[in-house]
Amino acid sequence: MTKLEGTKVRVRFAPSPTGYLHIGGARTVLFNWLLARKSGGKFILRIEDTDRSRHVGDSVAKILDDLRWLGMTWDEGPEAGGDAGPYFQSERLSLYNEHLARMLESGDAYYALETPQELETMRENARAEKRILSYDRPSPIPTIEEGEAAKRDRKKVVVRFKMPDEDITVCDDILGDVTLKSGQIEDFVIQKSDGFPTYHFACVVDDELMKITHVLRGQEHLMNTPKHVAMQRSLGFTTPHYAHMPVIFNMNGSKMSKRDKEKALKNGDPPPEIDVNDFRVAGYLPEAVVNFISLLGWNPGDDREHFSLGELVETFTLDRVGKTNAKFDREKLLAFNTNWAASLDFGLLFKAFCDFLSASENIPQEIRDADEKKLREALKACSGFRIFPDVIKKVGFVFASDNDIEFDPKAVKKVLAKNENAGYAILDHMITRLEALADWSVGSIERLINDVCEARDIKMGNVAQPLRVAVSGSTISPAIGDTLVLLGKKSTLARIRKCLMNREPK
RNA sequence: GCCCCCAUCGUCUAGUGGCCUAGGACACUGGCUUUUCAUGCCAGCAACGGGAGUUCAAUUCUCCCUGGGGGUACCA
């Protein structure tokens with residue numbers, strides 16, 4: 001349809017500043033970003049802030065932060081600059097107005113003077129008469145002079161695009177040709193009464209001016225595209241490649257929306273992760289999130305499932321993007337995270353862990369303040385964890401002060417008090433042995449425990465479990481050698497002593 | 001209502017007319033490993049929505065039905 005061959009690929013992601021980046025939006029960014037990186041093109045970030053009523057304060061900073069966390073960098077846009085700026089639509093009003101004037105003069109757009117009440121009446125009538133279009137093009141169409149006069153009279157005036165009476169075919173790289181018959185789309189608003197352009201108009205002007213070659217967006221935009229194509233023809237613009245991606249839903253088929261969080265909170269359930277930031281705070285790795293969403297609507301055509309961002313750049317092609325909507329399976333994401341946690345370079349894993357500690361709420365202060373070396377060792381001792389909160393659950397006690405250990409009554413009963421305080425008896429013995437242990441290392445601690453087991457002809461668990469409960473208060477901790485080394489000799493002995501003091505008399 | 005898109009295990013998906021007794025992954029079930037919690041390993045369960053065609057042969061092509069989704073704003 002258009003001659004874009006030979007032109008450098010330029011794609012964009014154009015979020016509205018209404019909050020954090022949505023996980024579905026993240027998938028849209030990812031595919032756009034991959035297309036750019038794959039082809040050596042440019043990835044542009046544009047902020048679509050034309051609806052002032054929906055604008056949320058620091059959204060832009062949040063979205064940028066989410067993108068950085070995911071590892072996706074932009075070549076042009078906020079903070080990055082670029083030749084096609086400004087990259088905030090609210091700063092491009094004069095650009096829109098220029099093109100608007102052209103369309104007004106050519107007669108492809110016109111001032112419309114109807115009041116909201118009049119529009120509502122039109123809609124009701126259309127519904128009653130089962131007509132397709134609810135907006136009746138005025139006859140005669142108001143002249144430019146009439147429109148401007150109405151504006152001077154402080155009347156609410158909008159500009160509408162005169163939808164041409166012809167079939168429009170959208171050539172979609174994913175869906176194929178989609179034709180919309182003439183007469184299906186009414187004259188739509190391109191400039192609101194507050195002087196701001198609507199999405200459709202701003203988007204078309206910006207894509208042209210920013211020389212966007214490929215528009216990859218969610219399928220919810222498919223029916224907008226004929227409108228955009230019609231405007232492009234009116235303005236003599238190039239029509240970019242279009243590709244509409246399948247939508248992502250909850251497991252129950254509903255849309256993934258922020259409302260899910262409010263609903264869950266009301267019912268006392270844990271809120272589901274919806275925004276990228278939710279996953280970050282919940283202790284997921286960006287590598288896992290990226291890997292997982294990359295497979296929602298795309299696959300390499302073989303059995304591979306484990307992809308880093310770099311591997312995705314190598315493997316990704318638009319023609320492997322599917323057409324079917326997908327459901328977001330958190331169980332599978334959890335599995336991906338587990339795999340990534342196990343396979344990621346430890347330096348990167350630790351960096352991600354620190355990010356989690358600072359980003360997430362409910363992290364005990366003593367862990368936030370903990371010594372880096374000790375944190376590293378703690379994380380290492382937790383291999384096999386699924387998400388970062390598991391690490392806290394498993395080694396959090398190490399960072400508490402010795403006097404703050406709370407003993408889980410169930411664990412005490414099962415491991416220490418059972419069989420006439422057998423566990424306490426072991427601790428009585430172990431405390432002197434450990435005290436005498438000069439080399440406080442995993443190897444020598446395990447050797448000691450082994451010796452005790454052999455001497456008394458008992459199983460490892462009979463010694464390890466009482467120790468575990470004594471130092472952690474629960475039956476959950478890393479391997480016993482790791483646990484005691486992490487804790488250090490002094491704390492270990494102090495905690496065992498304290499535990500022994502709590503022994504119930506027989 | 002009207003317009004548009006989609007349709008393989010519970011979920012993400014492979015499959016492009018015979019290689020399919022439909023493959024992989026998650027989940028699930030059973031077993032193994034293990035000093036706790038996890039992890040890991042092995043095995044099993046499990047799908048072509050329905051109906052007409054086309055063809056020697058349809059999961060794969062066509063049509064209809066059904067189902068799901070999207071759009072129908074001075075939101076993007």
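Below, chains carry the letters A, B, ... as their sequence lines are ordered, and counting in each starts from 1.
Going from atom CG of A:Leu180 over to atom P of B:G70 covers 18 Å, rounded to whole Å. When rounded to the nearest whole Å, the span between NZ of A:Lys332 and C1' of B:C26 equals 5 Å. Rounding to whole angstrom units, CZ of residue A:Phe328 and C1' of B:A27 are separated by 15 Å. The separation between A:Asn339 atom CG and B:G24 atom P is 17 Å, rounded to whole Å. In this structure, CG of A:Leu296 is placed 13 Å from C1' of B:A25, rounded to the nearest angstrom. Atom CZ in A:Arg320 sits roughly 12 Å away from atom P in B:U13 (whole-Å rounding). The separation between A:Lys410 atom NZ and B:C37 atom P is 14 Å, rounded to whole Å. Regarding A:Lys323, its NZ atom lies at a distance of 16 Å from the C1' atom of B:G68, rounded to whole Å.
Judged by a 6.0 Å distance limit and a 45° cone about the ring axis, A:Arg304 is not positioned over the six-membered ring of A:Phe307.
Looking only at distances, a side-chain donor or acceptor of A:Thr483 sits under 3.5 Å from a matching main-chain atom of A:Pro478. Between the A:Asp260 side chain and the A:Met256 main chain, no donor and acceptor come within less than 3.5 Å of each other.
Residues A:Phe388 and A:Phe353 place their aromatic rings such that the two centres sit under 6.0 Å apart.
B:C12 and B:A47 are spaced 13 Å apart, taking the C1' atom of each and rounding to whole Å.
In the interface, the side chain of A:Asn325 is not paired with the base of B:A7 through any donor and acceptor atom under 3.5 Å apart. One donor-acceptor pair, N or O on each side, does fall under 3.5 Å between the base of B:C74 and the side chain of A:Ser193. For A:Gln219 against B:G69, no side-chain N or O and base N or O form a donor-acceptor pair under 3.5 Å. Contact annotation: side chain of A:Arg468 to base of B:U35, donor-acceptor pair present below 3.5 Å.
Checking B:C2, B:U11, B:C74 against the side-chain heavy atoms of A:Lys192 singles out B:C74 as nearest. Residue A:Lys130 has its side chain nearest to B:G1 when only B:A25, B:G1, B:C74 are considered. Nearest to the side chain of A:Thr338, among B:U39, B:U35, B:C75, sits B:U39. Which of B:C6, B:U35, B:A27 sits closest to the side chain of A:Leu175 comes down to B:C6.
In summary, the side chains of A:Ser16 and A:Glu48 do not present any donor paired with an acceptor at a separation below 3.5 Å, with no hydrogens or angles considered.
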